[in-house]
Asker: 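Got a structure for you, questions after.
All values below come from the heavy atoms of this structure, side chains included, with hydrogens, waters and symmetry mates left out. Just so we're clear, the structure is a prediction, and the values are computed from it rather than from any experiment. The sequence lines fix the lettering, A, B, ..., with proteins before strands; numbering per chain opens at 1.
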2 protein chains.
Amino acid sequence: MKLSQAEWQIMNALWDEHPATARQIAARLPEQVNWAYTTIKTMLTRLVEKQAVRERKQGNASLYDPILSRRQARSSALKSLVNQAFDGAFGPLMHFLFEQQDLTAKERTQIIQILQEHNNPKRNR
Amino acid sequence: MKLSQAEWQIMNALWDEHPATARQIAARLPEQVNWAYTTIKTMLTRLVEKQAVRERKQGNASLYDPILSRRQARSSALKSLVNQAFDGAFGPLMHFLFEQQDLTAKERTQIIQILQEHNNPKRNR
DNA sequence: TACATCTTACTACATTTGTAGAAATTGTCA
DNA sequence: TGACAATTTCTACAAATGTAGTAAGATGTA
């Protein structure tokens with residue numbers, strides 16, 4: 001399942017807490033995203049058509065739940081990036097991450113830290 | 001600079017070796033990509049307009065060179081993925097990479113290996 | 001009950017993307 | 001020099017995407 005940028009915004013809001021009404025989703029979008037309410041509804045309708053989201057009527061209004069999980073969406077976005085831009089393998093992606101000159105120090109630290117977390121168990125066992 | 005999927009195909013072929021003619025690029029595209037020659041030309045024209053590629057006439061034909069570097073393109077694609085899908089931080093991306101259940105053993109090994117490469121210098125110094 | 005609201009359902013429209021054909025131009029070889 | 005072949009230029013067009021307006025139905029409320 002491929003989500004567009006705008007769809008990611010909606011899904012991110014929905015994953016954070018659901019079910020949610022369109023109104024609630026609107027409230028959770030990042031500041032910069034200043035969509036008309038009907039824009040959000042349009043996106044939701046399209047997501048329902050794509051079966052990324054389930055809609056159920058609650059009185060006159062609708063409640064939405066994700067069908068597509070964040071994990072699934074992340075996984076396919078990542079795979080598609082890797083295929084498109086990193087020769088289809090995670091290796092080149094990892095290399096790239098490490099060679100990145102324009103990572104901030106903070107990002108760098110973050111990464112190293114995670115690596116250690118995930119690396120240490122191996123050595124400690 | 002944001003490249004579309006099709007544009008990545010062209011750019012990948014061009015980065016591999018340049019300058020290149022449209023014909024050469026065509027020859028380097030992956031098997032599955034079976035575009036008409038004019039499709040490739042259209043993409044190239046658009047990439048020139050976007051200033052991702054430079055075109056120079058060599059007799060009747062054109063030679064193309066990338067202006068946008070692979071590194072730059074990768075960097076912005078990665079950043080945009082991270083923003084869109086990983087809360088804007090590399091940390092969550094790294095975590096995700098490690099928790100991924102559906103990585104193949106090979107991919108897993110690849111990653112660990114890279115990590116070690118980049119981790120060891122720190123300890124060995 | 002009659003209005004002010006909210007929500008949905010439909011429609012709209014510009015831009016970007018994927019894909020390519022047709023026509024014009026240029027180079028080439030017999 | 002004429003016929004072909006290769007290349008470029010233009011034009012086209014459908015699908016996807018971003019963004020939103022309008023009409024009509026449901027609801028709360030004075």
Asker: Go ahead and write out DNA chain D as dot-bracket, 5' to 3': ( ) for pairs within the strand, [ ] for ones crossing earlier pairs, | when the partner sits on another strand, dots for unpaired; Watson-Crick or G-U wobble, both distances under 3.5 Å.
Answerer: ||||||||||||||||||||||||||||||
Asker: Measure CD1/B/Ile40 against C1'/C/dG18 and give the value in whole Å, please.
Answerer: 13 Å
Asker: Are A/Val48 and A/Tyr64 close enough, and set up right, to give a side chain to side chain contact (heavy atoms under 4.5 Å, CB included), and what steps lead you there?
Answerer: CA-CA 9 Å; A/Val48 168; A/Tyr64 298 91; 4.2 Å; yes
Asker: May I ask you to decide whether A/Lys50 forms a salt bridge with A/Glu7, counting only side-chain N to carboxylate O separations under 4.0 Å?
Answerer: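 Counted as a salt bridge, because a side-chain N and a carboxylate O are separated by less than 4.0 Å.
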Asker: Could you write nucleotides 22-30 of chain D as a row of B, S and -, 5' to 3', where a protein heavy atom under 4.0 Å of any base atom gives B, of only sugar-phosphate atoms gives S, and otherwise -?
Answerer: B---SS---
Asker: Take A/Glu7 and B/Tyr37, find for each the nucleotide of DNA chain D with the closest heavy atom, and name the residue whose nucleotide sits nearer the 5' end.
Answerer: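 First, find each residue's nearest nucleotide; the 5'-ward one identifies B/Tyr37.
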Asker: Looking at the base of C/dT15, is there any donor atom on it, or on the side chain of B/Arg46, that sits under 3.5 Å from an acceptor on the other one?
Answerer: no
Asker: If you look only at pairs with a residue in residues 18-47 of chain B, which of them pass as a ring-ring contact (aromatic ring centres under 6.0 Å, His included), with sequence neighbours excluded?
Answerer: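 Listed by first then second residue: nothing to list.
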Asker: By nearest heavy atom, map A/Ala6 and B/Thr45 onto DNA chain D; which one lands nearer the 5' end?
Answerer: B/Thr45
Asker: Just checking A/Thr42: base, sugar-phosphate only, or nothing, at a heavy-atom cut-off of under 4.0 Å?
Answerer: base
Asker: Name the nucleic acid region contacted by A/Lys57, choosing base, sugar-phosphate or nothing; use a 4.0 angstrom heavy-atom cut-off, strictly under.
Answerer: sugar-phosphate
Asker: Taking the minimum atom-to-atom distance to the side chain of B/Ala22, which one of C/dT8, C/dT7, D/dT8 wins?
Answerer: D/dT8
Asker: Whole-Å distance between D/dA15 C1' and A/Glu49 CD?
Answerer: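 Going from A/Glu49 (CD) to D/dA15 (C1'), I get 14 Å.
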Asker: Between A/Leu93 and B/Phe86, is there a shared hydrophobic cluster once you connect ILVMFWY residues whose side-chain heavy atoms come closer than 4.5 Å?
Answerer: yes
Asker: What nucleotide among D/dT8, C/dT7, D/dG18 has an atom nearest to a side-chain atom of A/Gln5?
Answerer: D/dG18
Asker: Nearest to the side chain of A/Lys41, heavy atoms from C-beta on, is which of C/dG18, C/dT17, C/dT8?
Answerer: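 Selected nucleotide (nearest to the side chain): C/dT8.
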